[in-house]
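Below is one structure, written out as structure tokens; the observations come after it.
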Number of protein chains: 2
Amino acid sequence: MRGLRLTRPRRLILEAVRDTDVHPTAAFVYRRVRRRLPRVSLATVYRNLRVLAAEGVLAERADAGGLRFDGNAEPHDHFTCIGCGRIHDVPVRRGRAVRARLAAQTGFEVLNHRTEYFGRCGDCRRQGGRPSPKGQRRS
Amino acid sequence: MRGLRLTRPRRLILEAVRDTDVHPTAAFVYRRVRRRLPRVSLATVYRNLRVLAAEGVLAERADAGGLRFDGNAEPHDHFTCIGCGRIHDVPVRRGRAVRARLAAQTGFEVLNHRTEYFGRCGDCRRQGGRPSPKGQRRS
DNA sequence: GCACTGTTGATAATGATTACTAAAAACGTC
DNA sequence: GACGTTTTTAGTAATCATTATCAACAGTGC
């Protein structure tokens, strides 16, 4: 984290992302930060989420519903439950081997890769039935 | 492809997606279709891209720049070149094993997974240097 | 032809994200 | 701690992608 001033809005934004496990959207972070800093601006939230992501303090990811942020900046994969919509972190799988194989097959230089899993989490499996509508909800 | 009328706009939209290798956005498809059907509406393009994706004729995917469509509806992974921005199809890797392992570790039922690779394609490697700005361009 | 159903084009509405700007805060220097 | 400089902020307008609405139209079967 090179020269990066930790102003109060910035710190609260970072804490909001880290203190939840929902891989929040900007709107979610905004609602959270507003509890402690009611006059914060939505633009400030967006701006700082991008700044913090550029610094590598946060990770940024796009999914079907838009932009999401992740307080865990270490490499890891994601599992999205189609029942409740929650996104869980899962340990990243193999490293070099897959990249080397793809490179050999295609001539691409693979610098990075990320896997997304989709399915049903333990809770939703126990409840049986099909995905509840609330699963589609954004947060 | 169950009962799905192949109207002229719909057919042209499908062809536009299939006749390119760029994994186009809706705007790109719109521009293409307009060449042959100048009065087509952007809403028609969006509507039918969704319809065709729902039918399984096309695949829909979200990335940092928004929605993209893929004429290849078979399971496969993607390699995104950070140099030129192009997205290449790559064969999907192993199937069952990885899902089973994750299920055992977490209790999740994994129904599907998808891997995104990032790196530099053959052309961009040969040209050396760092990513060209045009790489960020949308199409 | 006539009723019925699905599709279209045009445009308005929505929602997320970004740009802009004047004021406030943080900093370094004296 | 006042002063000039730089960064950051709040507030708001602007932009952009996507979706909704709806009247007109086309296709089908009777």
Side-chain angles (χ1 to χ4, degrees), chain A residues 1-17 22-55 57-70 85 136-139, chain B residues 1-17 22-55 57-70 85 136-139:
Chain A
M1 205 187 302
R2 302 172 322 222
L4 170 73
R5 269 194 252 191
L6 235 295
T7 60
R8 190 160 136 78
R10 196 164 282 168
R11 184 168 46 76
L12 291 171
I13 288 164
L14 180 56
E15 284 173 9
V17 177
V22 302
H23 301 81
T25 61
F28 178 95
V29 174
Y30 176 56
R31 288 196 299 276
R32 280 297 177 90
V33 171
R34 239 192 333 181
R35 291 185 194 167
R36 326 186 93 238
L37 189 65
R39 305 186 56 86
V40 73
S41 155
L42 180 57
T44 298
V45 171
Y46 271 101
R47 187 168 2 92
N48 283 299
L49 286 170
R50 261 189 301 134
V51 168
L52 292 166
E55 290 289 326
V57 182
L58 297 180
E60 191 174 343
R61 37 180 259 109
D63 73 2
L67 232 36
R68 286 181 177 274
F69 296 87
D70 190 338
Q136 314 317 71
R137 200 166 51 186
R138 309 244 310 133
S139 51
Chain B
M1 190 175 331
R2 304 175 320 231
L4 169 71
R5 267 194 253 185
L6 234 307
T7 60
R8 188 160 138 78
R10 197 165 281 167
R11 184 169 46 75
L12 291 170
I13 288 164
L14 179 55
E15 286 173 6
V17 177
V22 304
H23 300 81
T25 61
F28 178 95
V29 174
Y30 176 55
R31 288 196 299 275
R32 280 295 178 91
V33 172
R34 236 188 342 178
R35 293 185 192 167
R36 325 186 93 237
L37 190 64
R39 303 187 57 86
V40 72
S41 154
L42 180 58
T44 298
V45 172
Y46 270 101
R47 186 165 2 93
N48 283 299
L49 286 169
R50 260 188 303 135
V51 168
L52 293 165
E55 289 290 327
V57 182
L58 296 180
E60 192 176 342
R61 40 180 256 108
D63 74 0
L67 234 34
R68 287 180 177 275
F69 297 87
D70 191 337
Q136 313 314 72
R137 198 167 51 187
R138 304 232 330 125
S139 50

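Sequence lines set the chain letters: A, B, ... in the order given, protein chains first and strands last, and positions in each chain run from 1. From a predicted model like this one, the values you see are computed outputs, not experimental measurements. Side chains included, hydrogens not; waters and symmetry mates left out as well; all remaining heavy atoms used.
- Summarising the geometry, the separation between CG on A:N48 and C1' on D:dT7 is reported as 11 Å, rounded to the nearest angstrom.
- Spacing between atom CG of B:L6 and atom P of C:dT8 amounts to 10 Å, rounded to whole angstrom units.
- Shown here for B:V45 and B:A26, the closest heavy-atom pair between the two residues is CG1-O, 3.8 Å.
- Nearest nucleotide to the B:A26 side chain, out of D:dT18, D:dT7, D:dA20: D:dT18.
- Counting to the nearest Å, the C1' atom of C:dA24 and the CG atom of A:L37 are 13 Å from each other.
- Between C:dT17, C:dT11, C:dT8, one nucleotide has an atom nearer to the side chain of B:P9 than all others, and that is C:dT8.
- Backbone-only contact: B:R10 has heavy atoms under 4.0 Å from sugar-phosphate atoms and none from a base.
- The phosphate of D:dT19 has neither OP1 nor OP2 within less than 4.0 Å of any side-chain N or O from B:Y46.
- Candidate nucleotides D:dT9, D:dT19, C:dG9 were compared by shortest atom distance to the side chain of A:T7, and D:dT9 ranks first.
- Counting to the nearest Å, the P atom of C:dA10 and the CZ atom of B:R34 are 10 Å from each other.
- The separation between B:L49 atom CG and C:dT8 atom P is 12 Å, rounded to whole Å.
- For A:R61, the side chain to side chain donor-acceptor pair (under 3.5 Å) partners at least two apart in sequence or on another chain are A:H78, A:E116.
- In terms of heavy-atom proximity, B:L58 sits nearest to B:L49 at CD1-CD2, 3.8 Å.
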Let me check something: any side-chain donor-acceptor pairs from residues 32-39 of chain B under 3.5 Å, sequence neighbours excluded? List them with distances.
from  : atom 1 : to    : atom 2 : distance (Å)
B:R34 : NH1    : B:Y30 : OH     : 3.3

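- Atom CD of residue A:E60 and atom CZ of residue A:R50 lie 8.0 Å apart, to the nearest 0.5 angstrom.
- Checking C:dT8, D:dT9, C:dG9 against every side-chain atom of B:S41, the shortest atom distance belongs to C:dG9.
- The side chain of B:R5 lies closest to C:dT7 when the candidates are C:dT7, D:dT8, C:dA16.
- Across the protein-nucleic acid pair, B:F28 atom CZ and D:dA17 atom C1' stand 17 Å apart, rounded to whole Å.
- With distances taken from any side-chain atom of B:A43 to the nucleotides C:dT17, C:dT8, C:dA10, the minimum falls on C:dA10.
- Nearest nucleotide to the side chain of A:R47, out of D:dG11, D:dT19, D:dA10: D:dA10.
- Here A:R50 lies in heavy-atom contact (under 4.0 Å) with sugar-phosphate atoms only.
- Between the OH atom of B:Y30 and the P atom of C:dT8 there is a distance of 14 Å, rounded to whole Å.
- Rounded to an integer number of Å, the gap from CD of A:E55 to C1' of D:dT7 is 14 Å.
- Between B:R39 and A:L42, the one whose closest nucleotide on DNA chain C sits nearer the 5' end is B:R39.
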